[in-house]
Trainee: 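Have a look at this one.
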Amino acid sequence: MTDFRLPPELVPVDGRFGCGPSKIRPEQLDYLAAHAHLLGTSHRQKPVRDIVGRVRAGLADLFRLTDGYEVILGNGGSTAFWDAAAFSLIEQRSAHLTFGEFGQKFVNAASAPWLTAPAVVHGEPGTVSAFVGDEEADVFAYPHNETSTGAMTAVRRQGRAGSLTVVDGTSAAGGVDIDVRETDVYYFAPQKNFASDGGLWFALMSPAAIERIERVAASDRYIPEFLSLSVALDNSRLDQTLNTPAIATLLLLDAQIQWIRDSGGLAWAHARTKDSSDRIYEWAEARPNASPFVSNPEHRSQIVATIDFDESVDASRVSTMLRANGIVDIDPYRKLGRNQLRIATFTAIEPSDVSRLLGAIDAAIAAL
Ligand SMILES: *Cc1c(COP(=O)(O)O)cnc(C)c1O
């Protein structure tokens with residue numbers, strides 16, 4: 001099985017198709033090397049704070065922030081942001097859409113003893129759910145893209161005036177164009193579509209979200225310093241983080257933001273990821289033994305494509321055969337347990353490499 005060899009024309013130039021950590025472009029590593037003198041220097045001094053400032057300004061420009069929206073960051077990735085939101089953003093009760101692992105993880109974080117139990121609208125994996133409209137909540141939360149299943153939803157404001165719309169953009173941000181004003185908080189980590197490394201979270205926040213954070217911080221709720229969004233806000237405005245950030249992560253992210261901006265911004269990235277994912281869905285629909293896992297075409301993610309196979313194809317064997325040829329991380333989300341391949345079509349990934357990958361999958365299936 002592992003002596004399977006792909007013909008050279010089917011080997012992608014870069015074989016990384018994982019959903020996070022994800023492909024980092026060589027040019028980003030060149031940028032990192034060119035700034036190597038910043039590694040190992042103080043994050044309280046101007047040179048590193050300038051990088052944080054560039055990233056914040058770059059994100060503000062990329063997402064066309066207006067109307068007092070701000071770019072806030074902190075340590076710990078999106079998972080830490082969920083706990084921070086439970087302490088600092090949810091006043092009494094949150095409402096959530098869940099249709100996969102990541103949406104559910106925020107529910108778990110929001111099921112905190114000082115809050116009323118969250119309202120949850122559950123959807124089966126491979127679908128997306130929608131709010132019913134009678135939820136009593138001060139935060140309405142959902143994933144933009146459910147990375148575990150490859151289902152994507154529209155970014156739209158939810159709830160009544162005074163409630164906050166809080167959207168997990170972790171895998172979508174930087175690859176899908178959105179109107180940030182449809183959210184109060186659009187948060188993400190940089191190791192997915194932004195092709196950087198893990199460990200940080202970023203959030204685009206509306207004045208209403210900032211006002212909420214300040215109000216909760218002024219209440220008598222106990223908030224650990226590390227999970228305080230008010231502390232993150234104060235530090236971010238100074239281009240700092242509470243504790244030491246990964247400087248390499250910031251540099252790789254800075255390079256990727258610049259590249260997307262120089263290439264044509266979010267609209268360009270959006271068209272590119274759409275092109276890549278369309279190639280995969282069209283390929284799957286033309287195969288008798290394959291089909292897109294997300295049956296409704298409107299909910300198929302343009303950045304994480306999940307393809308189911310029938311019993312004639314052992315998808316995990318295909319993945320192993322391709323791994324031996326340098327194509328990595330196309331296995332399905334581990335808890336989904338399906339006969340499936342999951343392929344990231346993030347902005348960093350060349351559409352031509354996606355086409356090569358599809359040819360490689362065909363070749364592996366033929367050799368099973
Ligand atoms: C990966 C991912 C997360 C978790 O991000 P971490 O930075 O690893 O905590 C959260 N939400 C979504 C949608 C993701 O894809």
Side-chain angles (χ1 to χ4, degrees), residues 16-24 55 59 72-86 89 94 96-110 123 125-129 139 141-155 165-176 178 183 185-204 226-227 229 232 241 245-246 248-250 252-253 256 273 277 293-294 299-306 329-336 342-349:
R16 289 173 289 184
F17 294 95
C19 292
S22 64
K23 177 188 167 186
I24 298 173
V55 165
L59 289 171
I72 312 301
L73 73 157
N75 278 313
S78 293
T79 301
F81 187 82
W82 292 323
D83 286 326
L89 208 51
S94 52
H96 301 253
L97 301 182
T98 63
F99 38 91
E101 284 295 319
F102 291 110
Q104 183 58 43
K105 285 180 187 205
F106 193 4
V107 174
N108 298 347
T127 70
V128 308
S129 55
V139 159
Y142 57 92
H144 182 186
N145 183 72
E146 182 45 85
T147 319
S148 66
T149 65
M152 195 169 97
T153 189
V155 173
T165 299
V166 177
V167 178
D168 182 354
T170 304
S171 51
V176 185
I178 60 157
T183 72
V185 181
Y186 188 73
Y187 64 94
F188 52 89
Q191 73 275 17
K192 313 248 167 133
N193 228 312
F194 278 112
S196 182
D197 230 337
L200 290 168
W201 58 259
F202 291 82
L204 315 178
F226 183 70
L227 297 170
L229 292 179
T241 44
T249 298
L250 288 163
L252 294 171
L253 173 59
Q256 189 68 354
T273 60
S277 57
F293 171 46
V294 178
H299 297 153
R300 281 177 200 158
S301 169
Q302 67 191 70
I303 44 187
V304 174
T306 44
D329 299 339
I330 57 172
D331 316 274
Y333 190 76
R334 56 194 185 283
K335 284 194 209 153
L336 209 53
R342 181 177 62 151
I343 303 162
T345 51
F346 293 154
T347 312
I349 292 168

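In this chain, numbering begins with 1 at the start of the sequence shown. No hydrogens, no waters, no symmetry mates; every other heavy atom, side chains included, goes into these values. All ligand and atom numbering here is 1-based and tracks the order in the structure.
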Trainee: Taking the side chain as every heavy atom from C-beta outward, state whether L200 and P245 have any atom pair closer than 4.5 Å.
Mentor: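 A side-chain contact exists here, since the closest heavy-atom pair is under 4.5 Å.
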Trainee: Quick one: does F99's side chain get under 4.5 Å of T153's, heavy atoms only?
Mentor: yes
Trainee: Under a 3.5 Å distance rule, please check whether S94 uses its side chain to pair with a backbone N or O of V139 as donor and acceptor.
Mentor: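 No: the side chain of S94 does not pair with the backbone of V139.
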Trainee: Side chain, backbone, both or neither: which applies to T79 and ligand 1 if a contact is any heavy-atom pair less than 4.0 Å apart?
Mentor: both
Trainee: Distance to 0.1 Å, residue and atom name: give those for the protein heavy atom nearest to atom 15 (O) of ligand 1.
Mentor: T147 OG1, 2.4 Å
Trainee: Can you name the atoms of ligand 1, numbered from 1 with element, that are less than 4.0 Å from a heavy atom of K192?
Mentor: 1 (C), 2 (C), 3 (C), 14 (C), 15 (O)
Trainee: How about V166 and L89: do any of their side-chain heavy atoms sit closer than 4.5 Å?
Mentor: yes
Trainee: Could you check whether any side-chain heavy atom of H144 comes within less than 4.5 Å of a side-chain heavy atom of M152, counting everything from C-beta outward?
Mentor: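 They are in contact (side-chain heavy atoms under 4.5 Å apart), so the answer is yes.
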Trainee: Out of F102, Y187, Y333, whose heavy atom sits nearest atom 4 (C) of ligand 1?
Mentor: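 Of the listed residues, F102 has the closest heavy atom.
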Trainee: If you measure from each non-hydrogen atom of A189 to ligand 1, which part falls under 4.0 Å: side chain, backbone, both or neither?
Mentor: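 Side chain only.
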Trainee: For the residue pair Y187 and F81, does the interplanar ring angle fall in the parallel (under 30°), tilted (30 to 60°) or perpendicular (over 60°) class?
Mentor: parallel
Trainee: For ligand 1, is any non-hydrogen atom under 4.0 Å from H144's backbone (N, CA, C, O), its side chain (CB onward), both, or neither?
Mentor: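 Neither part.
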Trainee: For atom 5 (O) of ligand 1, what is the closest protein heavy atom, and at what distance to 0.1 Å?
Mentor: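 Sorting protein heavy atoms by distance from atom 5 (O) of ligand 1 puts S78 CB, 3.6 Å first.
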Trainee: Is it the side chain (CB and beyond), the backbone, both or neither of F81 that lies under 4.0 Å from ligand 1, heavy atoms counted?
Mentor: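 No part of F81 comes within reach of ligand 1.
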Trainee: Looking only at protein heavy atoms, identify the closest one to atom 7 (O) of ligand 1 and say how far it is in Å.
Mentor: Q191 NE2, 3.0 Å
Trainee: May I ask you to identify the nearest protein heavy atom to atom 11 (N) of ligand 1, giving residue, atom name and distance to one decimal place in Å?
Mentor: D168 OD2, 2.6 Å
Trainee: Relative to the heavy atoms of N145, which atoms of ligand 1 are at a distance of less than 4.0 Å?
Mentor: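 What qualifies from ligand 1 is 13 (C).
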Trainee: Does any N or O in the side chain of S22 come within less than 3.5 Å of the main-chain N or O of K192, such that one atom is a donor and the other an acceptor?
Mentor: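 Side chain of S22 to backbone of K192, a donor-acceptor pair under 3.5 Å: yes, one is there.
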Trainee: What heavy-atom pair brings S171 and I303 nearest, and what distance separates the two atoms?
Mentor: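 Smallest interatomic distance, heavy atoms only, reads O-CD1, 3.5 Å.
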Trainee: If the contact criterion is a heavy-atom separation under 4.0 Å, does W82 count as touching ligand 1?
Mentor: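 A heavy atom of W82 does come that close to ligand 1.
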